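Right, one structure below, let's go through it.
What you see is a predicted model; the values in this text were computed from it and never measured. Letters go in sequence order (proteins before strands), and every chain restarts at 1.
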Amino acid sequence: MPELPEVETVRRGLEKLIIGTTVTAVNVPYPKVITGDSQAFVTGVMQATFTKIDRRGKYLLLRLSNQHTIVSHLRMEGQYSVEPIGTTPYKHTEIIFELADDRALFYNDTRRFGRMVLATTGHESLVSPSLAKLGPEPTEADLTLPYMINAFSKSKKPIKTFLLDQNQIAGIGNIYADEVLWQSKIHPETPTNQLSKLQLAILRTNIIAEIARAIKHHGTTVHSFSNVFGEVGKFQNELEAYGRVGEPCLRCGTPMVKIKVGQRGTTFCPFCQVKFD
DNA sequence: GCCCTAACCTGATTGC
DNA sequence: TGCAATCAGGTTAGGG
C-alpha cells in the first residue's frame, strides 16, 4: 500500500521516464478512476507535455505544459507503468496515456481505489480540497517540534489514529505508524495529548528518520507495490513491527500482538510499548 | 466541531 | 473440493 516513501519512489521514476513527452491520445477503460467529467479530463490533457512531477503527502502532481495538473492518488494498489505503444492493457489498467514517442503510460489499480482529477495548476485545492488541508511533510524542516507540541496537545485521539490523520502530518500510513510507535516505545492507544514533550521529541526524530530511510530503500512492498520500472521496494525487510504479530519483539522478545485501533490493524509489543507512560 | 462508522473495491485467506 | 465469509487498507461522506 503506497505511503509517502512509495509515492516518492513512483514520483522519481515518473520524472525519469515521462518528462518532456507529449500526450497524443487517452483511453479510459475505467472512467470511475477520474473524479468529475472524464471527457473534460481527456480534452484537458491532450497534446500537453509532462513538465514536472511533484508530490505532496501521498498525492502525485503531474504538471502539464498547458497549465493543467493531474492530481493522482494511488490509494491502496495504484501503480504506473510505461509500455511500448500498442501493449494490450492489463486486467486492471484504468487509464492509458499514449505518448508521442511510441510509448504509453498505464495507470493500473487492482482494487480500483485510486483516483485522479484534473486541476488548473496552482488551484489544485479547488478540485481536491483535502490537498489544501494536509499537515506538514515529515521532514526535519517542515515537521518542527513546536508544531508537534501544539498540534498534539489538542487531541485526545489514540496516537495511532492521530498519526494516520493526513491533516496533522502528511504521508504516514498504517505501516510506518506502527513502526515509529514501536521505535518510540509508545502504546498505540495512548491519548495524543498525554504524550510528554520528551516523547514527542523522540517520536518526531523517529518519524523523520524512518520515512527518509524507507525512501532510500525505495519503499515497502507488502502486497503489490512496485515502482514504474516494475521493481519492488526493499524496505519490507527492515520492518520491525508491522506484520510481525506473534513473532518476538526485536527488543525484548515478548510476542508481538495485534489489536484494532480506529478500525486499523495495529501491531505492537505489549511489554515495550507501555500505555500512559 | 469532533468522533465514529460505512462505503468504496477486489484478491487472498480462512472457515465450513 | 468448493463455496461463502472475512480481511486488508486510505479517504470521504454521513450520522450522532
Report all interatomic pairs (protein N or O, nucleotide N or O of nucleotides 11-13 of chain B) with separations under 3.5 Å.
residue, atom, partner, partner atom, Å
dG11(B), OP1, Lys91(A), NZ, 3.2
dG11(B), OP1, His92(A), NE2, 3.0

Fill in: Phosphate contact (dA8(C) OP1 or OP2) by Lys260(A) side-chain N/O below 4.0 Å
yes

Worksheet item: Under 4.0 Å: is that the gap between some side-chain N or O of Tyr242(A) and OP1 or OP2 of dG9(C)?
Response: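 Checking Tyr242(A) against dG9(C): at least one side-chain N or O falls below 4.0 Å of OP1 or OP2.
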
Worksheet entry | Sugar-phosphate only, base, or nothing, as touched by Gly262(A) at under 4.0 Å among non-hydrogen atoms | nothing

Remaining members of the apolar cluster that contains [X], side-chain heavy atoms under 4.5 Å:
X         : result
Ile96(A)  : Tyr90(A), Phe106(A)
Val261(A) : Val257(A), Ile259(A), Phe268(A)
Leu134(A) : Tyr59(A), Leu61(A), Val71(A), Val117(A), Val127(A), Leu131(A)

Practice prompt. Check side chain to side chain contact (heavy atoms under 4.5 Å, CB included) between Lys260(A) and all other residues, then give those that pass, not counting sequence neighbours.
Written response: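 Result, side chain to side chain contact (heavy atoms under 4.5 Å, CB included) vs Lys260(A): none returned.
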
Worksheet item: Who are the side chain to side chain contact (heavy atoms under 4.5 Å, CB included) partners of Leu250(A), not counting sequence neighbours?
Response: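 For Leu250(A) the side chain to side chain contact (heavy atoms under 4.5 Å, CB included) partners, ignoring immediate neighbours, are Trp182(A), Glu240(A), Arg244(A).
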
Non-neighbouring partners of [X] that pass side chain to side chain donor-acceptor pair (under 3.5 Å), sequence neighbours left out:
X         : result
Glu140(A) : Arg204(A)
Thr49(A)  : Thr22(A)
Thr267(A) : none

Atom-to-atom span, [atom1] of [X] to [atom2] of [N] - whole angstrom:
X         : N       : atom1 : atom2 : result
Arg112(A) : dA8(C)  : CZ    : C1'   : 18 Å
Lys258(A) : dT6(C)  : NZ    : P     : 17 Å
Phe113(A) : dC9(B)  : CZ    : P     : 8 Å
His73(A)  : dC8(B)  : NE2   : P     : 19 Å
Tyr59(A)  : dG10(C) : OH    : C1'   : 9 Å
Gln166(A) : dG9(C)  : CD    : C1'   : 12 Å
Ile172(A) : dG9(C)  : CD1   : P     : 16 Å
Ile175(A) : dA8(C)  : CD1   : P     : 13 Å

Worksheet item: Any N or O donor-acceptor pair linking the side chain of Arg75(A) to the base of dT10(B) at under 3.5 Å?
Response: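 No such pair is found, so the answer is no.
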
Discussion item. With side-chain hydrogen bond (donor to acceptor under 3.5 Å, both in side chains) as the rule and sequence neighbours excluded, what pairs involving residues 100-109 of chain A come up?
Written reply: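 Those involving residues 100-109 of chain A are Ser81(A)-Asn108(A), Thr93(A)-Asn108(A), Asp101(A)-Arg103(A), Tyr107(A)-Asp109(A).
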
Worksheet item: Going by number, which of residues 146-165 of chain A have a non-hydrogen atom under 4.0 Å from DNA chain B?
Response: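 Result for residues 146-165 of chain A: Lys157(A), sorted by number.
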
Practice prompt. Nearest-nucleotide wise, let me know which of Lys32(A) and Gln263(A) is further upstream toward the 5' end of DNA chain B.
Written response: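 It is Gln263(A), whose closest nucleotide lies nearer the 5' terminus.
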
For [Y], does its backbone N or O pair with a side-chain atom of [X] as donor and acceptor, under 3.5 Å?
X         : Y         : result
Gln47(A)  : Val45(A)  : no
His217(A) : Arg213(A) : yes
Gln273(A) : Leu181(A) : yes

Worksheet item: How far does the helix from dC2(B)-dG16(C) to dC16(B)-dG2(C) bend, going by the axes of its first and last five pairs, to the nearest 10°?
Response: 60°

